[in-house]
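Below: one structure, written as structure tokens.
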Amino acid sequence: MYQNIITDQSNGILVVTINRPEKLNALNKAVIEELAEAVYQVHTNDEIRAAIITGAGAKAFVAGADISEFTQLDGEGGRKLAKKGQDEVFDRIENCPKPIVAAVNGFALGGGCELAMACHFRVASSNAKFGQPEVNLGLIPGYGGTQRLTQLIGKGKAMELMMTGGIIDAEEAYRLGLVNYITEPANLIPKVRELLGLILTKAPLAIGKVVELVNLAAIGDPEGLEKEIVAFGELFNTEDMKEGATAFLEKRKAIFAGK
Ligand code: COA
């Protein structure tokens with residue numbers, strides 16, 4: 001079904017691997033189309049409970065948007081490219097009520113860093129490298145980088161990285177809070193699976209609300225606290241809340257149905 005990505009589903013987790021290793025998994029139009037479909041599947045397919053996004057090969061997660069497609073674009077073309085990617089891929093990843101984690105296995109530059117940042121959190125292999133080098137091309141990030149990098153690492157460091165086009169290694173990314181863990185390359189996917197395995201034992205509707213509310217905090221929504229009160233109340237109407245509280249009182253493990 002897909003030509004540019006590989007999907008593999010097991011134990012409720014969909015692994016989406018961007019598969020253009022000879023071009024360091026650069027995001028061309030076709031990859032964006034296929035990622036949009038895969039993300040749609042994560043949202044709508046009940047058998048998929050979580051997803052991992054990674055890149056094929058040992059060298060790159062994603063080395064950016066495909067620069068070879070840039071020379072044909074004018075202003076309107078550039079705007080449409082950013083809009084389509086943001087609407088159909090990056091924003092949908094960020095707002096997915098099911099956990100989506102980036103397993104960053106090498107270069108995550110430009111659109112690659114943005115793809116990793118759209119995920120709910122990131123785990124990096126020790127060879128990962130991050131950066132937003134668009135200024136080298138006369139551009140700025142267009143898949144959410146100006147906003148999400150600032151949210152994740154703060155204004156000063158985000159300014160510096162985007163103004164210099166500098167590239168940082170996994171240790172620096174960890175220090176800045178851009179990634180949550182660093183692993184040896186061979187342990188990258190197992191580590192992400194372990195984290196998702198833990199998350200998947202929790203109440204799915206509560207996880208969805210965590211995504212929604214934390215994303216509101218990240219954009220500084222002034223009604224975030226009010227919306228937290230509403231969401232907290234809504235969860236009291238769920239079967240899972242009753243199961244979770246009852247299981248605690250009965251000193252047994254809760255079994256959540258996502259209802
Ligand atoms: N778009 C299109 N093609 C890309 C690409 C991108 N973003 N990044 C890498 N490639 C291609 C290269 O053109 C090359 O193709 P070729 O073998 O047909 O010439 C292939 O991937 C391998 O890349 P190469 O540059 O030879 O590898 P390297 O190890 O010397 O350098 C990078 C690795 C990541 C430092 C370098 O590829 C790079 O700077 N890429 C662009 C990063 C960027 O600016 N991203 C933001 C885009 S908005």
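Along the sequence shown, residues carry numbers from 1. As a basis for the values below, the full set of heavy atoms in this structure was taken, side chains included, without hydrogen atoms, waters or symmetry mates.
- Side-chain N/O atoms of Gln151 and Gln147 include no donor and acceptor closer than 3.5 Å.
- Counting non-hydrogen atoms of other residues, nucleotides and ligands closer than 6.0 Å to CG of Asn11 gives a total of 12 or fewer.
- Inspection of the Asp66 and Ser68 side chains reveals an N or O donor paired with an N or O acceptor under 3.5 Å.
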Distance-only check: which donor-acceptor pairs under 3.5 Å involve side-chain atoms of residues 195-210, not counting sequence neighbours?
residue, atom, partner, partner atom, Å
Thr201, OG1, Leu198, O, 2.6
Lys209, NZ, Glu234, OE1, 2.8

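- Grouping Ile, Leu, Val, Met, Phe, Trp and Tyr by side-chain contacts under 4.5 Å, direct or through others, puts Phe236 with Phe232, Met241.
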Using salt bridge (charged side-chain N to carboxylate O under 4.0 Å, His left out), reason through Lys155 and Glu160 one step at a time and then give a plain yes or no. CA-CA 9 Å; Lys155 186 174 166 184; Glu160 182 190 336; over 6 Å; no
Check the pair Asp221, Lys227 against salt bridge (charged side-chain N to carboxylate O under 4.0 Å, His left out), reporting the backbone distance first and the verdict last. CA-CA 9 Å; Asp221 186 323; Lys227 288 175 184 170; 2.8 Å; yes
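- Salt bridge status for Glu243 with Arg252: present, with a side-chain N to carboxylate O gap under 4.0 Å.
- Hydrophobic clustering of Ile, Leu, Val, Met, Phe, Trp and Tyr side chains at less than 4.5 Å, counting indirect connections, keeps Leu73 apart from Ile140.
- Cluster membership for Val123 and Leu176, using ILVMFWY side-chain heavy atoms within less than 4.5 angstrom, is not shared.
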Carefully, step by step, assess Lys83 and Asp91 under the rule salt bridge (charged side-chain N to carboxylate O under 4.0 Å, His left out). CA-CA 10 Å; Lys83 174 93 178 122; Asp91 291 1; over 6 Å; no
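- Under the 4.5 Å side-chain heavy-atom criterion for grouping Ile, Leu, Val, Met, Phe, Trp and Tyr, Phe107 is not connected to Ile53 through any hydrophobic cluster.
- For the pair Lys242 and Glu239, the salt-bridge criterion is not met [side-chain N within less than 4.0 Å of a carboxylate O].
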